[in-house]
2 protein chains.
Amino acid sequence: MATGRTHRPATRSRGIPEATVARLPLYLRALTALSERSVPTVSSEELAAAAGVNSAKLRKDFSYLGSYGTRGVGYDVEYLVYQISRELGLTQDWPVVIVGIGNLGAALANYGGFASRGFRVAALIDADPAMAGKPVAGIPVQHSDSLEKIIQENGVSIGVIATPAGAAQPVCDRLVAAGVTSILNFAPTVLTVPDGVDVRKVDLSIELQILAFHEQRKAGEEAHTDGAGPAAATREGSDDSADQGPDGDVPAVMPA
Amino acid sequence: MATGRTHRPATRSRGIPEATVARLPLYLRALTALSERSVPTVSSEELAAAAGVNSAKLRKDFSYLGSYGTRGVGYDVEYLVYQISRELGLTQDWPVVIVGIGNLGAALANYGGFASRGFRVAALIDADPAMAGKPVAGIPVQHSDSLEKIIQENGVSIGVIATPAGAAQPVCDRLVAAGVTSILNFAPTVLTVPDGVDVRKVDLSIELQILAFHEQRKAGEEAHTDGAGPAAATREGSDDSADQGPDGDVPAVMPA
DNA sequence: TCGTGTGAATGGATTCACAGCG
DNA sequence: CGCTGTGAATCCATTCACACGA
């Protein structure tokens, strides 16, 4: 916060569509790669291909941010990287806590993508006293007794839950009570939170089940498959439709 | 996702909306919990609450499967568990391979939810020769040289990629060439696959960035949190737009 | 009576197609 | 010209509201 810069001509409508927001990180990643290769500009067509979407969608998405391109030329890579980063709030640093340092929590802590852009693992928290003090990814695990203190001292507003399913809601409640307003949930449970708190979930078994559904449909339809591939539903590159809740839960134990 | 041109009379209730398919696993999980508590029937209202959606949506979703409820009463839990399982293809066993047994791959292999319902880890594959033979989650890791053989011998059609970003596309290509038609990708890369192959992605940094976007918007708007908003639901959907900025001001500088 | 099942209304997101500018 | 930016058309999803049946 602390952005006093709340002001704008509001040339365009306020409020970027959720579907667009979900794609901005994808564009940003593609742009960063281009930037590292010192590519100065890209067309919507090229960038769209790199991000796995179609160009009309990309141009529409960018139109919500403003007119950052040059007709007949394309987009300036560096400039766009900056604009999208700012729009996503990545020009500031977000301290994050990970709660539940089991297999998954440890994997997340070790994940390099955290630090890379705007996020910083402020603390690792686990309920097991035996874990306390043990360093994971170079960060000492702290006991969950001090969860509230850790949140407050570090000004944490984003929490990652990687506990077993049963512990997720209680942990969530404590995080929220301590001031966290955004939660990324890896536990296979539906979390209930007060208004104003955002929750996104990542659930492995849901993703697998969705794949199984399509897989089954393919199998039941190999009726007219001449030498070539199946003529069933498919998609191009890799653009998940409007799905915004990929999942991949990993915590163990769960009635289901 | 791209849907091919499915020109076909549709055998009846075939053609369940993608958004509905994505929610079926959620309903299934809630139903399984009820089943374990020996609850015989549920109303759409109750089940919807447990799954974190609203009842109208749930009823509409179920209407695509058929008329499995009883007016004035609700749904038979056991029967619905069976119907949804069958619809999702979980009445059969899906062998799955996990490629890339690093921190994340190991965490996935240890995830209990795999075996629980329809899925079975058929093999763990890694490119590091030092890993070969080492058991992870009780399953010996195999070297990626034999990837094709493993896929074919086990009749694997679903693959999970948990490799570093750089290895993901090559691995994906090999999986597809060997016969895999559904891929769950944990690597932060856009995968390109032929038609007929489904890809779903799980991407930590994208999720965090989406949360950061909303977090930033909340921060920039802490002017009137007067709760003017109409009581909103408190669930964790994939949607859930935090507060809606009345006339928001999202910092979005614009160039010329 | 009560809760399901569903047409109709609404709202979003994607795609089309082309005007407009560099 | 080429490519962006965007109204208009289309498609999909959610919500409403009520008839219908156990």
Side-chain angles (χ1 to χ4, degrees), chain A residues 11-24 26-27 40-49 51-77 79-80 83 233 235-237 239-245, chain B residues 1-6 13 15-24 26-27 40-49 51-77 79-80 83 230-233 235 237-241 244 254-256:
Chain A
T11 314
R12 280 297 144 211
S13 71
R14 228 63 296 271
I16 299 172
E18 190 56 32
T20 295
V21 171
R23 281 188 295 267
L24 292 181
L26 229 45
Y27 301 145
T41 61
V42 270
S43 66
S44 63
E45 201 67 59
E46 295 163 333
L47 183 54
V53 303
N54 72 53
S55 65
K57 197 186 291 184
L58 179 143
R59 288 201 303 280
K60 178 66 90 179
D61 284 342
F62 285 179
S63 80
Y64 293 118
L65 308 184
S67 293
Y68 296 150
T70 304
R71 292 171 196 240
V73 177
Y75 301 91
D76 180 275
V77 173
Y79 187 60
L80 205 44
Q83 290 301 339
R235 49 81 147 300
E236 31 135 1
D239 142 48
D240 269 313
S241 58
D243 89 331
Q244 59 242 341
Chain B
M1 113 181 359
T3 63
R5 233 64 9 166
T6 311
S13 61
I16 299 172
E18 192 54 34
T20 294
V21 171
R23 280 188 295 267
L24 291 181
L26 228 46
Y27 301 145
T41 61
V42 268
S43 66
S44 62
E45 202 67 60
E46 295 164 331
L47 183 54
V53 304
N54 73 52
S55 65
K57 197 185 291 185
L58 178 143
R59 287 200 304 279
K60 179 66 92 180
D61 284 341
F62 285 179
S63 79
Y64 294 117
L65 308 186
S67 293
Y68 295 150
T70 304
R71 293 172 194 238
V73 179
Y75 302 90
D76 180 275
V77 173
Y79 186 59
L80 205 41
Q83 290 301 338
R235 47 149 169 39
S238 25
D239 51 46
D240 184 293
S241 53
Q244 40 199 54
M254 203 180 113

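Because only heavy atoms are used, hydrogens play no part in the values below, and waters and symmetry mates are left out as well, while side chains stay in. Numbered from 1 within each chain, the chains take letters A, B, ... in sequence-line order.
Across the protein-nucleic acid pair, A:Leu24 atom CG and C:dA13 atom P stand 13 Å apart, rounded to whole Å. Distance CD (B:Glu18) to P (C:dT14): 13 Å, rounded to an integer number of Å. Note: CD (A:Glu45) to C1' (C:dA17) measures 14 Å, nearest angstrom. Atom NZ in A:Lys60 sits roughly 11 Å away from atom P in D:dA8 (whole-Å rounding). Between the CZ atom of A:Arg59 and the C1' atom of C:dG20 there is a distance of 13 Å, given to the nearest Å. Residue B:Leu65 contributes atom CG, which lies 14 Å from atom P of C:dT4 at whole-angstrom precision. In this structure, the CD1 atom of B:Ile16 is 15 Å from the C1' atom of D:dA13, given to the nearest Å. When the C1' atom of D:dA13 is taken as reference, atom CZ of B:Arg23 falls 8 Å away, rounded to whole Å.
For the residue pair B:Lys60 and B:Ser63, the shortest heavy atom distance occurs at O-OG, 2.6 Å. Shown here for B:Leu58 and B:Tyr75, the closest heavy-atom pair between the two residues is CD2-CE1, 4.3 Å.
Across residues 67-74 of chain B, B:Thr70, B:Arg71, B:Gly72 each have a non-hydrogen atom less than 4.0 Å from an atom of DNA chain D (numbered order).
Side-chain nitrogen and oxygen atoms of A:Ser44 include at least one within less than 4.0 Å of the OP1 or OP2 phosphate oxygen of D:dT4. For A:Lys57, a side-chain nitrogen or oxygen approaches OP1 or OP2 of C:dT15 to under 4.0 Å. Using a 4.0 Å cut-off, no side-chain N or O of A:Asn54 falls inside it from OP1 or OP2 of C:dT14.
Residue pairs meeting the salt bridge (charged side-chain N to carboxylate O under 4.0 Å, His left out) criterion with at least one partner in residues 62-76 of chain B, sequence neighbours excluded, are absent.
Comparing D:dA13, C:dA13, D:dT6 by their closest approach to the side chain of A:Pro17 singles out C:dA13. Nearest to the side chain of B:Ala19, among D:dT6, C:dT14, D:dT14, sits D:dT14.
Considering only residues two or more places apart in sequence or on other chains, B:Thr41 meets the side-chain hydrogen bond (donor to acceptor under 3.5 Å, both in side chains) condition with none of them. A:Ser55 meets the side-chain contact (heavy atoms from CB on, under 4.5 Å) test with A:Ser44, A:Glu45, A:Ala48, A:Arg59; sequence neighbours excluded. Scored by the side-chain contact (heavy atoms from CB on, under 4.5 Å) test, B:Pro17 finds B:Thr20, B:Tyr64 as partners (sequence neighbours excluded). Applying the side-chain contact (heavy atoms from CB on, under 4.5 Å) test to B:Tyr68 and every residue at least two apart in sequence or in another chain returns B:Leu65, B:Tyr79, B:Leu80, B:Gln83, B:Arg86.
Across all strands shown, A:Tyr75 has heavy atoms under 4.0 Å from sugar-phosphate atoms exclusively, and none from any base.
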